[in-house]
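See structure below.
Predicted, not measured: the structure shown is a model, and the values here were computed from it. By convention in this document, chain letters (A, B, ...) are assigned in the order of the sequence lines, proteins followed by strands, and residues within each chain are numbered from 1.
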Amino acid sequence: MHAYRTHTCGQLRRDAVGQKVRLSGWVHRRRDHGGLVFLDLRDHYGITQCVIEPDSPAFAGADRCRSEWVVTVSGPVVARSAETVNRDLPTGEVEIRIEEITVQSVAQELPLPIFGDLDYPEETRLRYRFLDLRRERLHNNITLRSQVISSIRRRMIEQGFTEFQTPILTASSPEGARDFLVPSRLHPGQFYALPQAPQQFKQLIMVAGFDRYFQIAPCFRDEDARADRSPGEFYQLDLEMSFVTQDDVFAAVEPVLHGVFNEFARGRTVSVPPFPRISFDEAMLKYGVDKPDLRNPIVICDVSDLFADTSVAFKAFKDKVVRAIPAPGAGHQPRSFFDRLNDWARSEMKAPGLGYIVFEEESGKLQAKGPIAKFIPDPVMAQLLQRCALKAGDAVFFSADPRADKAAALAGAARIRLGKELDLVASGELKFCWIVDFPMYEWNEDEKRIDFSHNPFSMPQYGRDAFLALDLTDKQTILGLKAYQYDIVCNGIELSSGAIRNHDPEVMLKAFEIAGYAREETEARFSGMLNAFRYGAPPHGGTAPGIDRIVMLLAGVDNLREVTMFPMNQQAQDLMMGAPGPVSARQLKELHLRVVKPEV
RNA sequence: GGGGGCGUAGCUCAGUUGGUUAGAGUGUCGGCCUGUCACGCCGAAGGUCGCGGGUUCGAGCCCCGUCGCUCCCGCCA
C-alpha cells in the first residue's frame with residue numbers, strides 16, 4: 001500500500017465499500033461524541049468522513065487530532081446507514097473506519113479558520129495566504145483561473161496563434177506608466193526595466209514573420225492599486241497579427257473570449273459575436289465613460305439645445321453642455337433619494353449639483369415636478385420626454401458644464417449610480433462591446449501640451465501624406481485625429497486595449513514629434529523597433545485582454561486579490577514574504593547603489 | 001499626494017448619553033456524551049479596547065496626533 005494514499009478525499013463512493021484504503025489530508029473538522037470520534041479529512045479533491053470507536057487501538061491517536069493537522073488514515077470503506085448518509089457530500093454515502101492513523105504534521109491554533117465562509121481582515125488573509133488558499137472559495141477561484149488560462153491557450157492555438165516568451169529584463173520606455181527598474185551590476189549607473197507589456201517585442205515578432213503571436217504575458221507597472229488593478233504586476237493575453245485590419249483582429253478575438261466566457265459562464269448569458277462596436281465619441285455621449293456597462297439600460301442624451309431655447313428661463317444651464325440622464329421608475333422615490341444624489345454630485349463629483357425633473361400622471365395628464373420643471377414650457381418638455389424616452393413614474397437628472405467632457409463625466413457617474421440604486425443592472429449577464437475610434441492625442445491642461453491619449457504605436461486614421469504634412473501648431477486638427485485604437489469592455493470593465501500599429505517609420509517619427517519628442521529622441525528611444533521597420537515590416541495589429549480581470553468577471557468577485565494566488569496589498573507589499581525589504585550593504589555595493597532616504 | 005471607512009479576546013463581532021468588574025459567538029483547554037456532519041451539554045483560561053497625547057471626578061466612547069488595513073481621487077500610453 002502506498003505510504004500516503006490509495007485514493008483522494010473526493011474519490012470514494014458506494015462501490016468502494018469493503019476495500020481497505022489509505023487517505024491523507026487535513027483534519028477539516030472534528031466531532032467528538034466521547035465514545036465516538038468523527039474526523040472530516042480534506043484534500044484538494046474533496047472531503048471524506050472518517051470515524052473511530054474507543055475500543056480501537058488507534059483511538060488515542062485519532063482523539064488528539066485537531067483542526068488542520070495533516071494525517072494519514074487507513075481502514076476499510078464502510079457504507080453509511082440510510083439515516084446517516086450526507087447528501088451534501090459526494091462521498092457522503094461512505095466513511096472510513098480508522099484502523100491506523102499517523103500524524104504527519106501538527107497545526108498551532110489558527111489565525112484564520114479554514115472551515116466556514118466568513119469574511120476575514122485582508123491583512124490576516126494576506127499574511128497567512130497559505131491558509132486562506134486552503135479555504136473553499138479562494139481554492140476554487142484559483143483553480144478556475146488555471147482552467148481559464150488553459151482554455152484560452154487551447155482556443156488561441158486552435159485559431160492558429162503561436163506562443164512565444166519575451167524578455168523580463170528589458171529597457172525602460174518613455175511614455176506610459178512608471179517603470180520598475182533593476183540595477184545592472186555589469187554596467188554601473190544603468191538599469192533594466194521590467195516590461196509594462198511586451199509591446200515592442202510583439203511588433204518585432206511580426207517583423208520577424210511569425211504572423212500570429214500570443215503569450216500569457218506578465219506585465220509590470222509601478223502605479224497605485226485599485227480593486228481591479230493589482231499593484232505592480234498582472235497578466236495579459238497578449239496577441240498580435242500580421243496583415244490584418246481592425247475587423248480581422250475583432251474576428252479573431254471574439255470567438256476566443258465568447259468561447260472562454262461561455263465555458264465558465266455558469267448560467268450567465270454571454271454576448272454573441274459580433275460584439276457591438278461603439279465609437280469613443282458615442283460612448284462618451286451615451287454612457288459618459290469609455291467603458292460602458294451595457295447591462296445598465298440607461299442611455300444619456302444631449303439636451304443642450306433644449307435649454308438654450310429662448311423660451312426656457314433656466315439660466316444655470318445657458319451656454320453649457322447639458323446631458324440628461326433618464327431614471328426609469330425613480331418618480332416614486334422619496335425626496336431624500338434626490339437630495340442624496342445631489343449631495344453626492346456636489347461633494348464627490350465637485351459639481352454644482354444635479355438638477356432633476358419627476359414625471360407623474362395626474363388625472364390622465366403628465367405632470368412635471370421638481371425644482372427646475374417650472375422653467376421649462378410645455379413644447380420643450382415634450383421634446384425632452386421624447387428624446388429621453390420618459391414616461392409617467394420616471395425621473396430625469398441633468399449634468400451641466402461649460403466643458404463637454406466634464407458634463408459627460410458627471411452624467412456617466414450618475415448613470416452608474418442610478419443603475420445601482422434603482423437596481424436596473426441586469427445581473428446574470430456578461431455583456432461585451434468594442435470601443436473604437438479613440439482620439440490619437442489629447443490636450444494636457446497642466447503642462448499645456450499635446451500628449452498621446454492612448455498607445456503611441458497606433459496608426460492614425462489619416463492619410464500618410466496628409467499626416468506627414470501636418471502643421472505641429474494646428475491643435476484643432478491634431479486633437480480631432482482618431483486612431484485605429486480600440487478597447488474591449490465587459491460589464492463596465494476594460495479588458496483590453498489594442499490597435500492597428502503604425503509600421504511606417506516616417507509616420508511614427510511624425511507622431512512622436514506631434515507629442516513633443518524630437519526625431520533624434522524618438523530614434524534613440526525606439527531604435528530597435530524603428531530600425532526593424534526599415535527592413536520590411538508587415539502591417540500588423542493586436543490587443544491584450546487582461547487575464548486577471550477575465551477571471552475576476554468569471555469568478556463573480558470584485559477584487560483581483562480573490563483570483564490571484566499570492567497578491568500584494570494596496571501598498572504593494574507582500575506581507576507573507578516580506579517584500580519589499582532591505583538588502584545587504586554588500587549587495588548594494590555590487591550594484592553601485594547608495595540609498596538616500598526621503599527626508600521626514 | 002488627497003478624501004472616506006474600519007481598528008475591542010486566537011478569529012468574527014456587540015458595547016446605549018462619557019459612569020460598577022468591557023460582553024457574545026467561535027476557537028483553545030478540562031469534564032460528560034456511540035451516529036454526528038456548523039454535533040450537543042457543563043466549566044475554565046483568554047483583553048496594552050491599534051499606539052501616543054489631551055479634555056474630564058471618570059474615556060472603549062469626546063478632541064488632537066500617529067500607525068495599520070481597505071475603498072476612492074490623482075496616477076495607470
Which is true for [X] with a 4.0 Å heavy-atom rule: it touches a base, it touches only sugar-phosphate, or it touches nothing?
{"X": "A:R66", "answer": "sugar-phosphate"}
{"X": "A:R417", "answer": "nothing"}
{"X": "A:D55", "answer": "nothing"}
{"X": "A:P456", "answer": "base"}

>> Between the base of B:C75 and the side chain of A:R229, is there a donor and acceptor pair under 3.5 angstrom?
In response: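 Such a pair is found, so the answer is yes.
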> Would you say the base of B:C39 and the side-chain of A:D32 have a donor-acceptor pair closer than 3.5 Å?
Replying inline: no
>> For the C1' atoms, the ones on B:G46 and on B:G27, what distance do you get once it is rounded to whole angstrom?
In response: 11 Å
>> Taking the C1' atom in each of B:G30 and B:C71, what is the distance between them to the nearest angstrom?
In response: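 It comes out at 45 Å once rounded to the nearest Å.
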State which of [options] makes the closest approach to the side chain of [X].
{"X": "A:P111", "options": "B:G35, B:G10, B:C69", "result": "B:G10"}
{"X": "A:Q570", "options": "B:C71, B:C37, B:G35", "result": "B:C71"}
{"X": "A:N86", "options": "B:C37, B:G74, B:C71", "result": "B:C37"}
{"X": "A:E109", "options": "B:G27, B:U36, B:C73", "result": "B:G27"}

>> For A:Y213 and A:D238: C-alpha separation, side-chain torsions, deciding distance, then whether side-chain hydrogen bond (donor to acceptor under 3.5 Å, both in side chains) applies.
In response: CA-CA 8 Å; A:Y213 142 90; A:D238 194 41; 2.7 Å; yes
